[in-house]
Amino acid sequence: MGMHTPDNTGEADRSCDIPERWEREEENRTDVLDVESLVAESGGTEPSTYFPEQDGKAVPEEGAWIIVVEEPFTELRSRFRIPLLSMWRARPHTVNTGAIVSKGVKIYTKQAVITTPGGDLHLWPHEYVVVRSPMMLAGDIQATLHSLDGRPVLDEDALFYLMSRGISRHQAVKALFEATTSLDHVYVTFPERITDSLAGAGQSLRRHMALNPREPVL
């Protein structure tokens with residue numbers, strides 16, 4: 001049986017498509033920017049609702065830690081109240097309704113979803129911020145770690161052992177927190193004196209002005 005010789009006749013044709021493909025991708029990026037401008041100019045609409053990545057609010061497929069900066073008014077409030085500035089593990093969600101269209105491109109609204117003791121909660125981008133160093137916050141001596149089922153998050157014996165070896169409580173908590181296998185069922189809260197002093201932190205200027213409109217000057 002003779003050796004099969006690959007047919008390379010299509011390689012040149014495919015390479016010629018590359019500039020054309022770049023051009024199409026550039027057109028798509030332009031479409032997105034046009035839609036962003038459309039959203040920004042529409043009354044009361046937060047651009048990050050459609051473009052969370054513009055404000056650093058995008059939640060990747062593998063999930064991300066977020067801090068809730070504004071508790072949404074949903075029926076879940078009757079079962080569980082989200083503590084102000086609490087930290088949660090979130091997953092992304094794209095809403096399949098309410099798309100805006102520009103030049104044939106459909107853009108849907110984006111949300112972050114967290115699992116709480118009262119059930120799943122969907123958050124709009126203006127209601128949270130993405131945390132870049134969650135382990136640092138979780139290891140803070142003033143942070144309290146909770147699990148959805150009420151069981152202890154950290155192994156107290158392991159914590160005591162690490163601290164007895166000269167490791168600071170902050171570093172010991174960080175190490176044990178990183179080793180926790182079910183972080184989707186863990187959330188972190190901070191004392192009221194801290195959250196009260198940081199009220200409004202992470203809120204965009206657009207959102208702040210919408211919630212705190214200025215009195216008209218007479």
Say you draw a straight line from [atom1] of [X] to [atom2] of [Y]; how long is it, rounded to the nearest 0.5 Å?
{"X": "S48", "Y": "H126", "atom1": "OG", "atom2": "NE2", "result": "8.0 Å"}
{"X": "I67", "Y": "E127", "atom1": "CD1", "atom2": "CD", "result": "15.0 Å"}
{"X": "E192", "Y": "L85", "atom1": "CD", "atom2": "CG", "result": "11.5 Å"}
{"X": "L76", "Y": "D120", "atom1": "CG", "atom2": "CG", "result": "9.0 Å"}
{"X": "R81", "Y": "S86", "atom1": "CZ", "atom2": "OG", "result": "11.5 Å"}
{"X": "R91", "Y": "I66", "atom1": "CZ", "atom2": "CD1", "result": "10.5 Å"}

Problem set entry | Y187 and W88 aromatic ring geometry - parallel, tilted or perpendicular at 30°/60° bounds | parallel

For this session: Using distance alone, with no hydrogens and no angle criterion, decide if T189 and H146 have a side-chain donor and acceptor under 3.5 Å apart.
Result: yes

For this session: Give a yes-or-no answer on whether the side chains of R89 and T115 include a donor-acceptor pair shorter than 3.5 Å.
Result: no

Exercise. Cation-pi between K110 and Y50: NZ/CZ under 6.0 Å from ring centre and within 45° of the ring axis?
Worked result: no

Exercise. Looking at F73, does the NZ or CZ of R77 lie under 6.0 angstrom from its six-membered ring centre and within 45 degrees of the ring axis?
Worked result: yes

So which heavy atom on [X] is nearest to which on [Y], and how close?
{"X": "F190", "Y": "A143", "value": "CE2-CB, 3.6 Å"}
{"X": "A90", "Y": "V59", "value": "O-CG1, 3.8 Å"}
{"X": "I107", "Y": "F51", "value": "CG2-CZ, 4.2 Å"}
{"X": "V130", "Y": "G56", "value": "CG2-O, 3.5 Å"}

How about [X]: does its [atom1] atom have over 12 heavy atoms from other parts shown lying under 6.0 Å from it?
{"X": "Y161", "atom1": "OH", "result": "no"}
{"X": "R79", "atom1": "CZ", "result": "yes"}
{"X": "E61", "atom1": "CD", "result": "no"}

Exercise. If you group Ile, Leu, Val, Met, Phe, Trp and Tyr by side-chain heavy-atom gaps below 4.5 Å, do M136 and V131 land in one group?
Worked result: no

For this session: May I ask whether M87 and W124 are part of the same hydrophobic cluster, defined by side-chain heavy atoms of I, L, V, M, F, W, Y residues being less than 4.5 angstrom apart, directly or through others?
Result: no

Exercise. Taking T116 for the side chain and G119 for the main chain, is one N or O donor matched with an acceptor at less than 3.5 Å?
Worked result: yes

Exercise. For K57, does its backbone N or O pair with a side-chain atom of D55 as donor and acceptor, under 3.5 Å?
Worked result: no

Problem set entry | Side-chain heavy atoms of Y128 within contact of I114, under 4.5 Å | no

Exercise. In this structure, which one of V68, T74, V113 forms a side-chain contact (heavy atoms from CB on, under 4.5 Å) with L123?
Worked result: V68

Quick one: side chains of residues 92-101, donor-acceptor pairs under 3.5 Å with protein atoms, not counting sequence neighbours, listed by atom name and distance.
none

